[in-house]
Amino acid sequence: VQLQASGGGLVQTGGSLRLSCVASGLTFSSYVMGWFRQAPGKEREFVAAIRWSGVTTYYADSVKGRFTISRDNAKNTVYLQINSLKPEDTAIYYCAADTTTTRIKTSPTYWGQGTLVTVSS
């Protein structure tokens, strides 16, 4: 299984980014997909997850209203739209995959390599 994340970069406060994660080596439509992030000096934290059909989504309280997770099962891709970026959103963002909603929020089976988002003030 490979999860290839992209879309990170340097943006100013208030800006937007869309992260993408392309999955291979798994039956994408059978997996719950998620995003985590790890800020400098902090532990990795759950950000968002989306169930198989794309209808049900979950978000960390810290990103509700600003982040939107979506997926395209035809393209084996999950997205994370990040709006109104803040300096505290600076982190490496990782995509993840698992077959259950419980594990995707805590200890996903599969991880991508991460993409760096840096927000300047």
Side-chain angles (χ1 to χ4, degrees):
V1 174
Q2 287 192 325
L3 304 176
Q4 184 71 39
S6 62
L10 174 63
V11 295
Q12 292 185 333
T13 296
S16 298
L17 280 176
R18 188 175 82 155
L19 308 183
S20 301
C21 175
V22 180
S24 59
L26 53 73
T27 303
F28 185 74
S29 59
S30 297
Y31 278 76
V32 184
M33 300 299 296
W35 288 93
F36 284 70
R37 67 183 180 184
Q38 186 167 18
K42 295 187 177 181
E43 294 187 353
R44 193 177 299 187
E45 63 174 356
F46 168 77
V47 172
I50 186 166
R51 294 186 66 178
W52 310 271
S53 67
V55 173
T56 303
T57 56
Y58 308 88
Y59 296 94
D61 288 343
S62 59
V63 306
K64 281 181 181 177
R66 297 190 300 121
F67 289 21
T68 302
I69 188 171
S70 61
R71 66 190 292 163
D72 185 338
N73 288 345
K75 295 183 178 179
N76 284 10
T77 302
V78 60
Y79 304 97
L80 187 68
Q81 177 69 41
I82 310 175
N83 298 327
S84 302
L85 276 157
K86 306 174 182 180
E88 52 263 43
D89 294 319
T90 294
I92 299 174
Y93 284 73
Y94 299 89
C95 62
D98 210 293
T99 54
T100 75
T101 302
T102 299
R103 283 201 300 267
I104 198 66
K105 296 179 183 178
T106 56
S107 55
T109 300
Y110 301 111
W111 292 93
Q113 88 290 358
T115 185
L116 177 63
V117 173
T118 304
V119 185
S120 63
S121 56

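Taking 4.0 Å as the cut-off between side-chain N and carboxylate O, Lys86 and Asp89 do not count as a salt-bridged pair.
Taking all atoms of both residues into account, the shortest heavy-atom contact from Gly8 to Leu19 is N-CD2, 3.6 Å. Ile104 and Ala49 make their closest contact through CG2-CB, 3.8 Å (heavy atoms, listed as atom of the first residue, atom of the second, distance). Here the closest heavy-atom approach between residue Tyr79 and residue Asp72 is recorded as CE1-CB, 4.1 Å. The minimum heavy-atom distance between Ala5 and Cys95, with the atom names listed, is CB-SG, 4.3 Å. Closest heavy-atom contact between Arg18 and Gln81: CB-OE1, 3.5 Å. Residues Ala91 and Leu116 come closest through the heavy atom pair O-CD1, 3.6 Å.
Side-chain atoms of Arg71 do not come within 3.5 Å of backbone N or O of Val32 as any donor-acceptor pair.
Expressed to the nearest 0.5 Å, how far CD of Gln12 lies from CG of Leu85 amounts to 11.0 Å. Distance check, rounded to the nearest 0.5 Å: CD1 of Ile82 to OG of Ser16 gives 9.0 Å. Thr115 OG1 to Arg37 CZ: the interatomic distance, rounded to the nearest 0.5 Å, is 14.0 Å. Rounding to the nearest 0.5 angstrom, the gap separating the OH atom in Tyr94 from the CG atom in Leu80 is 15.0 Å. Taken from CZ in Phe46 to NZ in Lys105, the straight-line distance is 6.0 Å, to the nearest 0.5 Å. Separation of atoms CZ (Phe28) and NZ (Lys75) is listed at 12.0 Å; rounding is to 0.5 Å.
Put simply, Val117 and Trp35 are part of the same group of oily side chains (I, L, V, M, F, W, Y) that touch within less than 4.5 Å, one to the next. A continuous path of ILVMFWY side-chain contacts below 4.5 Å connects Ile50 to Leu17, so both sit in one hydrophobic cluster. Hydrophobic clustering places Ile92 together with Trp111 (ILVMFWY residues linked when any side-chain heavy atoms are closer than 4.5 Å, directly or through intermediates). Taken together through direct or relayed side-chain contacts under 4.5 Å among Ile, Leu, Val, Met, Phe, Trp and Tyr, Tyr59 and Met33 form part of one hydrophobic cluster.
Using a 4.5 Å heavy-atom threshold, the side chains of Ser24 and Asn76 count as separate. Contact annotation: the side chain of Thr13 approaches that of Val119 to within less than 4.5 Å [non-hydrogen atoms, C-beta and beyond].
Remark: Gln113 CD is packed, more than 12 non-hydrogen atoms of other residues, nucleotides or ligands lying under 6.0 Å away.
With sequence neighbours excluded, no residue forms a side chain to side chain donor-acceptor pair (under 3.5 Å) with Tyr31.
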